[in-house]
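For the numbers below, each heavy atom of this structure counts, side chains included, while hydrogens, waters and symmetry mates do not. Within every chain, numbering begins at 1; the chains are lettered A, B, ... in the order of the sequence lines, protein sequences first and strands thereafter.
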Protein chains: 2
Amino acid sequence: MTDINERIRDLDTGVDRVKKAAQKGPRANVSTDPALLDLAELLFFAYRDFTREPDKILDEFGFGRAHHRVLHFVNRRPGMRVADLLEILKITKQSLGRVLKQLVDDGFIAQEAGKSDRRERLLHPTAHGRELANRLAEPQLERVAHALNASGRKAQSSIEMFLYQMISEADRSQVERLLMSKDRQHEKREERE
Amino acid sequence: MTDINERIRDLDTGVDRVKKAAQKGPRANVSTDPALLDLAELLFFAYRDFTREPDKILDEFGFGRAHHRVLHFVNRRPGMRVADLLEILKITKQSLGRVLKQLVDDGFIAQEAGKSDRRERLLHPTAHGRELANRLAEPQLERVAHALNASGRKAQSSIEMFLYQMISEADRSQVERLLMSKDRQHEKREERE
DNA sequence: AAAAATAAGTCAACATGACTGACATAAATG
DNA sequence: CATTTATGTCAGTCATGTTGACTTATTTTT
């Protein structure tokens, strides 16, 4: 299992590769390469199916995909603020408020005032929340594991790089921080439980 | 530029790789590998941003993401039937009907009765339709091209494989056929225009 | 200490795109 | 002629996104 920091450091090397490629002269017109459109379609299909099993489970609870996203990130990064979630999901306070309220009311997420800044509501998954988050993650992880096996584990870093570079440049560093921060949480978790 | 059939043939080798990996004994529990969750999150972020620029363009026309999907597939595979679209998008006739009607009314898609079966409405993009489809595709292709450059072109087939294997098994052959069929259309296009 | 900024929650109103279930029409097929 | 199929449509519902304005509690700035 590769270390997270190692993997994240690798993501940066992609930038150099892009610069090098750009120096090779004017890039071929993107609309002439049919492989690009194939990839775009594959991404659509991959994502379409990626959300299917969780959606079915969510139905049992009267939840939707929006609840999944909120619960996932709160579970992954306990202690997250509401503002952080808004940044990640890129939705409005209104939209988030609705689903968050339901998750809190139904006992999947607990709020607690920040210690240094008591205006903040730090979000934590409850035991039920963790359980549901894991159940929702399972089919998705199976799917990713399968696809990873099929593409050869050697390709894993390239795939991470590809997906990482698909993120808008302005948001990449935020995601990078997110990937690192949840790992720090992971280490801390042993103490808390 | 790799031949499409060669690339699709490659997709099948992934199956063998999965079988081989399975023989190595009981697979490690997927929930213990943090890299899998990272990939799942990266996929979320990649898709989140993948749809942003097109969404903005669609706004100008009073269209939404659903219109994009319909127009994209009709443009990619002219002559497609309504039933094909339903299969691909996995939505109901009702949902499709609404957006399709708008695209037809606004002159982006034309319908024509099938020759062998006149119940079928074969869907074609109009000149305006092709223009809009290309405009919507452009930022997405740029994004994919960028990400591909960053991950190294050598990794391209692994990335295609990964995304392909993320598709539910039952739908893979359908997608494979789709990827091939639009290419046949591509060859024919020269004659028609 | 007063004023301004910030974090969060809430109100009302609205749009989009999903869903269900039933039904209509035209054409093909047995 | 009866049935099946491909498509379109009606009516109603729900989930999730939007905007803009406003409140409350708390922190920060002046």
Query raised in the report: Between B:L71 (CG) and C:dG17 (P), how many Å, whole number?
Result: 13 Å
Report summary line: Taking for A:G62 and for A:G114 the nucleotide of DNA chain D with the nearest heavy atom, the one nearer the 5' end belongs to A:G62
Requested in this report: Report which part of the nucleic acid B:Q102 touches: base, sugar-phosphate, or nothing (heavy-atom distance under 4.0 Å, all strands).
Outcome: nothing
Requested in this report: Using a cut-off of strictly less than 4.0 Å, decide whether B:T92 has a side-chain nitrogen or oxygen near OP1 or OP2 of C:dC19.
Outcome: yes
**Report entry** 4.5 Å side-chain heavy-atom contact, B:L141 and A:L39
**Finding:** no
Report task. Measure from CG on B:L85 to C1' on D:dA6 and round the result to the nearest Å. Result -> 13 Å
Query raised in the report: Starting at NZ of B:K115 and ending at C1' of C:dA27, how long is that distance when rounded to a whole Å?
Result: 18 Å
**Report entry** A:V144 vs B:M166 side-chain heavy atoms within contact, under 4.5 Å
**Finding:** yes
**Report entry** Any donor-acceptor N/O pair under 3.5 Å between D:dG17 base and A:R98 side chain
**Finding:** yes
**Report entry** Closest nucleotide among C:dC19, C:dG17, D:dG17 to the A:A66 side chain
**Finding:** D:dG17
**Report entry** B:Y47 vs B:L42 side-chain heavy atoms within contact, under 4.5 Å
**Finding:** no
Query - Non-hydrogen side-chain atoms of A:E53 and A:E142 separated by less than 4.5 Å - result: no
Query raised in the report: Which part of the nucleic acid does A:G64 contact within heavy-atom distance under 4.0 Å: base, sugar-phosphate only, or nothing?
Result: sugar-phosphate
Requested in this report: Ignoring backbone atoms, establish whether A:R81 has a side-chain N or O less than 4.0 Å from OP1 or OP2 of C:dG9.
Outcome: no
Requested in this report: Rounded to the nearest angstrom, tell me the gap between atom CG in A:L89 and atom P in C:dA8.
Outcome: 14 Å
Query - D:dT7 base / B:R119 side chain donor-acceptor hit below 3.5 Å - result: no
Query raised in the report: Is there side-chain contact between A:R81 and A:R121, with at least one heavy-atom pair below 4.5 Å?
Result: no
Query raised in the report: Closer than 4.0 Å, any side-chain N/O of A:S95 to the OP1 or OP2 of D:dT18?
Result: yes
Query raised in the report: Does any donor-acceptor pair link the side chain of A:K93 with the base of C:dG9 at a separation under 3.5 Å?
Result: yes
Requested in this report: Calculate the interatomic distance between A:L96 atom CG and D:dT18 atom C1'; express it in whole Å.
Outcome: 14 Å
Requested in this report: Please confirm whether any donor atom in the side chain of A:R118 sits under 3.5 Å from an acceptor in the base of C:dA7, or the reverse.
Outcome: no
Query raised in the report: Given atom CZ of B:R65 and atom P of D:dA15, what is their separation to the nearest angstrom?
Result: 19 Å
Query - Distance below 4.0 Å between A:H67 side-chain N/O and D:dT16 OP1 or OP2 - result: yes
Report task. Grab the NE2-P distance between B:H68 and C:dA18 for me, whole Å please. Result -> 14 Å
Query raised in the report: Which one, D:dT7, C:dA8, D:dT16, comes nearest to the side chain of B:A83?
Result: D:dT7
Query raised in the report: On DNA chain D, nearest-nucleotide positions of A:D117 versus A:I91: which is more 5'?
Result: A:I91
